[in-house]
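Okay, structure first, notes after.
The chains referred to below are lettered A, B, ... by the order of the sequence lines, with proteins before strands, and numbering in each begins at 1. Being a predicted model, the structure only gives us computed values, none of them experimental.
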Amino acid sequence: MVHAFLIHTLRAPNTEDTGLCRVLYSCVFGAEKSPDDPRPHGAERDRLLRKEQILAVARQVESMCRLQQQASGRPPMDLQPQSSDEQVPLHEAPRGAFRLAAENPFQEPRTVVWLGVFSLGFALVLDAHENLLLAEGTLRLLARLLLDHLRLLAPGTNLLLRADRIEGILTRFLPHGQLLFLNDQFVQDLEKELSAAWPR
Amino acid sequence: MFSAGAESLLHQAREIQDEELKKFCSRISKLLQAEDLGPDTLDSLQRLFLIISATKYNRRLEKTCVDLLQATLGLAACPEQLQVLCAAILREMSPSDSLSLVWDHTQNSRQLSLVASVLLAQGDRNEEVSAVGQGVLRALESRQPEGPSLRYLLPIMAKVVVLSPGTLQEDQATLLSKRLVDWLRYASLQQGLPHSSSFFSTPRARQPGPITEVDGTVATDFFTVLSTGHRFTEDQWLNVQAFSMLRAWLLHSGPEGLGILDTDDRSEQEGSTLSVISATSSSAGRLLPPRERLREVAFEYCQRLIEQSNRRALRKGDSDLQKACLVEAVLVLDVLCRQDPSFLYRSLSCLKALHGRVRGDPASVRVLLPLARFFLSHGEAAAVDSEAVYQHLFTRIPLEQFHSPMLAFEFVQFCRDNLQLFGGHLGTLRLSFPNLFKFLAWNSPPLTSEFVALLPALVDAGTALEMLHALLDLPCLTAVLDLQLRSSPAPSERPLWDTSLRAPSCLEAFRDPRFQGLFQYLLRPKASGATERLVPLYQLLQPMASCARVAQCAEAVPTLLQAFFSAVTQVADGALINQLALLLLGRSDSLYPAPGYAARVHSVLSSQFLALCTLKPSLVVELARDLLEFLGSVNGLRSRASLVTSVVWAVGEYLSVAYDRRCTVEQINKFFEALEALLFEVTQCRPSAALPRCPPKVVTALMTTLTKLASRSQDLIPRASLLLSKMRTLTQSPATSSMHSEEGAEAICTRATELLTLLKMPSVAQFVLTPSTEVCSPRYHRDVNTALPLALRTVSRLVEREAGLLPG
């Protein structure tokens with residue numbers, strides 16, 4: 001099962017960039033059991049911890065992506081795609097997986113599967129021992145859906161104020177963090193349902 | 001994409017002040033109270049979501065606002081967008097003590113699902129997880145089996161069971177198992193009706209056709225996730241979801257302690273069960289209790305998936321899904337066999353056939369890993385030829401597929417997670433370390449920490465030396481793998497090697513028959529038992545050192561070396577420790593010329609050398625001749641300063657009768673001479689652009705060691721004193737100001753003085769510099785009162801004062 005899904009910025013490697021890695025959207029499916037905390041502000045601290053965990057994952061994905069891009073010698077990815085109609089070849093986008101040890105930053109050991117598309121990084125935080133082939137496929141599907149339905153390739157759009165659509169996609173394709181075995185037709189069916197509920 | 005406009009929006013959201021937020025909240029409250037569910041509200045809620053989620057610190061929202069958000073979730077006729085946003089906002093605020101959401105049965109299941117997502121995000125502070133679980137179960141029971149939208153509720157169940165395994169009662173779990181059986185096995189084989197049939201469509205067009213397989217043929221057996229059509233019915237949806245959660249359900253839905261049999265009991269039971277069960281027994285006709293029935297249905301489902309995966313899918317997406325289904329089927333079969341050994345016999349025949357099919361297909365290589373795990377867990381009971389499986393896995397796969405990042409990660413995880421299952425095959429794993437290192441050399445950033453955890457299992461006294469050589473040559477391996485990819489005859493659509501680097505001379509060298517032996521040695525799949533000096537390759541491959549991948553690997557090596565040494569010292573005997581020490585010294589000047597690599601490796605090697613000496617102090621005496629040779633050959637001193645310092649220090653510390661009775665005066669004298677010569681060389685050389693100045697630490701270490709040796713062989717004392725006073729004058733002369741910094745010169749001078757004064761009292765010198773083992777407890781250097789520098793200073797001051805009191 002998926003513990004969290006996040007979208008964050010990817011800065012191009014080899015450039016002087018003094019900005020920070022920003023988490024643009026994150027969704028945690030069910031929380032890790034909070035330790036018994038008798039102190040009054042326990043809930044706030046838990047939330048703070050959760051946010052920091054997500055940020056830690058985003059930073060690590062960013063550095064993994066950057067290292068992979070450097071290693072393959074590709075020129076730094078164009079931050080802006082050529083045209084908004086371009087079919088993004090997601091099968092060739094940089095991707096990878098790494099493990100997070102227990103207590104660092106999540107209580108349980110977890111695996112992160114990530115995908116980099118232009119200047120956005122998508123990541124799934126999974127329980128250990130998940131079906132990684134399925135996770136990879138799901139992540140690619142989510143990226144494709146988000147790029148299509150949010151028209152992320154068109155200049156000037158962003159996803160910061162479009163959380164409702166992102167949530168709509170997630171509730172259908174990754175309900176409560178459940179990875180689904182969806183064949184092509186099921187995906188199309190769900191997409192039609194999504195378009196009907198959320199006219200573009 | 002993320003633009004400057006977006007950055008400023010994010011900034012605004014973070015910086016919004018409490019006052020402004022309060023006003024915004026009251027505006028939203030007004031809109032929600034008026035049940036205005038139009039675009040204004042949508043826009044405001046989107047902004048509110050951004051404000052809450054943009055910062056990691058808590059935002060206090062007005063209670064009325066929060067209550068209204070919760071109430072909106074329960075509204076009967078509300079556009080999905082708004083409800084989804086309300087839930088998202090409440091979830092982003094969680095965990096929070098100000099929520100008071102209640103599970104309300106009158107809501108439709110989509111709303112219930114949203115409520116559940118908020119409740120589950122609270123962190124189970126108030127037993128929310130089990131409350132949600134109970135709520136979902138009641139909802140599932142109360143509806144008709146063919147009721148609409150059950151599919152929003154099933155994933156919640158899966159999440160609840162994973163988050164909190166013991167939360168269901170036995171009878172509840174049984175009930176849901178029964179429903180799962182229905183959904184998995186008896187889903188309809190007709191396509192669903194279209195969502196909206198047009199007025200003009202003919203009756204025949206409205207007839208749904210049969211479900212098909214992924215290759216277009218009509219479905220031959222029950223519905224599974226690999227069955228397709230144009231529209232799907234509710235129960236077909238539930239089939240997909242039921243399978244998606246099947247493994248988690250099988251693992252976690254049992255009462256605690258009844259999930260998996262204990263390993264020892266299991267192998268006995270497996271053995272006895274196999275002899276009883278016949279191959280053709282089928283339990284389809286028998287009436288089984290629900291949990292057993294679910295397992296039987298799960299087994300049939302997996303078998304069907306394995307058969308369906310053999311078909312040639314018409315679409316790429318389906319082809320990818322087939323492989324994911326294969327992996328899942330194998331994983332589920334593994335769980336089934338662990339829970340009930342009677343499945344083993346039937347699974348094995350099916351999986352052996354699958355293995356044969358998948359072996360030859362490079363696109364399905366990732367299915368091999370769960371298969372291998374299955375054979376590892378259950379192979380003994382069924383006498384599978386697992387040796388052949390591992391040979392193929394460890395020999396062929398890394399050679400051909402080292403460049404795939406996902407496979408590399410999964411492969412190494414497989415090794416790490418199943419160590420305790422390897423048993424007799426651990427030897428195969430250990431001997432295959434050169435192949436495993438290929439994954440590491442190519443994908444070092446994500447795999448370094450994995451290998452640090454894996455190395456203790458891989459390290460073996462027999463292959464330790466070869467492994468150390470391999471680790472030191474890892475960047476070289478990366479370069480060679482790159483060259484191998486460049487010169488391979490069948491390029492993939494996209495080049496896998498570093499396209500920004502052109503290295504024609506290296507390619508030529510790679511193809512040169514004179515060096516084939518060395519390249520083949522580097523690319524060997526198994527530990528060969530012999531080591532080859534790869535020095536000729538270093539120069540040839542030097543142009544590849546600027547390749548980013550090689551540089552990344554070079555950065556990972558020091559960490560790996562540390563892990564290696566901490567592992568090997570657990571299993572090394574005295575002879576191996578000696579060999580390791582010699583290897584360290586020998587390799588220190590023959591390393592791949594990547595920028596900065598040598599310096600980092602030297603610093604690790606020098607600390608590890610000391611660690612070896614601490615472990616086995618007598619190695620200094622045993623390897624005296626080799627150490628002398630090393631000290632005599634150090635003309636590139638600057639490049640190995642840290643290592644030389646360590647060696648010198650070790651000699652000073654451990655070359656004494658206290659640590660090894662075989663230490664002779666002759667040895668001490670020989671070392672003295674060698675170190676004297678070295679000190680002379682070091683201090684006489686003028687620094688130039690090529691050779692940076694010698695660190696003062698080397699000089700002080702040399703002086704201290706010389707003094708220590710002199711204190712043990714007291715004939716040397718006059719020579720030592722002469723040397724020290726020469727050093728002192730040297731540092732005070734103007735010529736040396738170019739050689740050392742002021743602090744450095746001062747440190748050398750001070751130390752020389754202290755040592756000189758010590759040597760004036762030979763017996764004290766011996767006590768201070770060569771303390772016997774009773775005195776030399778671990779606290780010796782940490783305890784402020786007995787630290788060596790303090791002792792030296794005290795003695796100096798005493799002697800000076802005495803000298804001052806003497807007449808004349």
Side-chain angles (χ1 to χ4, degrees), chain A residues 1 9 22 24 28-34 43-44 46-48 51-52 64 67-68 70-74 79-80 92 95-99 118-120 131-134 136-137 152 156 158 160-164 167-168 171 175-187 189 197-198, chain B residues 1-3 6 9-10 46 49-50 56 58 80-81 84-85 88 95-97 117 120-125 155-156 158-159 162-163 225-226 228-229 231-232 240 243-245 248 315 317-318 320-321 323-325 327-328 331 366 405-406 409-410 445-446 450 494 498-501 548-549 552:
Chain A
M1 299 219 63
T9 56
R22 298 256 183 239
L24 299 173
V28 177
F29 302 104
E32 287 192 313
K33 219 173 165 71
S34 312
E44 280 181 28
D46 280 346
R47 183 176 178 277
L48 182 62
K51 284 294 208 185
E52 305 220 301
M64 289 290 174
L67 287 170
Q68 204 187 84
Q70 281 172 343
S72 55
R74 307 249 152 76
L79 291 191
Q80 298 303 322
E92 294 169 359
R95 67 197 186 283
F98 56 89
R99 193 200 288 234
F118 298 112
S119 65
L120 288 180
N131 183 337
L132 289 183
L133 260 181
L134 182 65
E136 232 187 294
L152 288 176
N158 68 72
L160 286 176
L161 289 175
R162 319 274 286 288
D164 58 324
E167 294 278 330
T171 44
H176 294 277
Q178 174 73 62
L179 293 168
L180 293 175
F181 287 87
L182 297 171
N183 63 47
D184 245 28
Q185 286 291 134
F186 269 99
V187 169
D189 211 30
W198 253 275
Chain B
M1 293 283 127
F2 197 61
S3 60
L9 191 61
L10 208 51
Q46 280 171 339
F49 177 81
L50 180 62
K56 58 186 181 180
N58 245 26
E80 190 187 339
Q81 288 104 307
V84 146
L85 268 177
S96 160
D97 296 320
S117 70
L120 289 176
Q122 299 304 316
D124 210 16
R125 308 173 83 81
I156 308 178
K159 192 52 141 170
V162 165
L163 280 179
V225 295
L226 285 177
T228 71
R231 288 279 181 278
F232 299 99
V240 169
F243 179 67
S244 303
M245 65 179 268
R315 298 157 185 248
D318 290 345
D320 291 340
L321 186 67
K323 302 193 176 47
C325 286
V327 169
E328 188 74 11
L331 291 174
R366 285 170 69 181
M406 298 297 297
F409 176 74
E410 282 198 296
E450 300 294 308
R494 250 199 160 178
D498 185 343
T499 47
S500 69
L501 185 74
R549 204 180 286 273
Q552 284 170 11

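To the nearest 0.5 Å, atoms CD (B:Glu80) and CH2 (A:Trp198) are separated by 4.0 Å. Between the CG atom in A:Leu133 and the CD atom in B:Glu410 there is a gap of 6.0 Å [rounded to 0.5 Å]. Here the CG atom belonging to A:Asp46 is positioned 11.5 Å from the OG atom belonging to B:Ser96, to the nearest 0.5 angstrom. Interatomic distance, A:Leu180 CG to B:Phe243 CZ, rounded to the nearest 0.5 Å: 11.5 Å. Note that CD of A:Gln68 and CZ of B:Arg549 are 7.5 Å apart. Values are rounded to the nearest 0.5 Å. Here CZ of B:Arg231 is found 9.0 Å from CD of A:Gln185. Values are rounded to the nearest 0.5 Å.
Contact annotation for B:Leu85: only side-chain heavy atoms (C-beta onward) come within less than 4.5 Å of a heavy atom of chain A. Heavy-atom distances place both the backbone and the side chain of B:Phe232 under 4.5 Å from chain A. When heavy atoms are compared at a cutoff of 4.5 Å, A:Leu134 approaches chain B by way of both its backbone and its side chain. With a 4.5 Å cut-off on non-hydrogen atoms, B:Val162 touches chain A through its side chain but not through its backbone. Interface remark: B:Pro155 contributes backbone and side-chain atoms alike to the contact with chain A (heavy atom separation under 4.5 Å). Residue B:Asn58 touches chain A through both its backbone and its side chain, counting heavy-atom pairs closer than 4.5 Å. The contact between B:Met245 and chain A is made by backbone and side chain atoms together, counting heavy-atom distances below 4.5 Å. Residue B:Glu450 touches chain A through its side chain alone, counting heavy-atom pairs closer than 4.5 Å.
Checked by atom type and distance alone, the side chain of A:Asn131 pairs as donor or acceptor with a backbone atom of B:Ala324 at under 3.5 Å.
A heavy-atom distance below 4.5 Å is found between the side chains of A:Leu182 and B:Val240.
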Test side chain to side chain donor-acceptor pair (under 3.5 Å) on B:Gln81 and A:Asp164 and set out the steps.
CA-CA 6 Å; B:Gln81 288 104 307; A:Asp164 58 324; 5.1 Å; no

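B:Lys323 is linked by a side chain to side chain donor-acceptor pair (under 3.5 Å) to nothing, counting only residues two or more places apart in sequence or in another chain. Scored by the side chain to side chain donor-acceptor pair (under 3.5 Å) test, A:Arg95 finds A:Glu136 as partners (sequence neighbours excluded).
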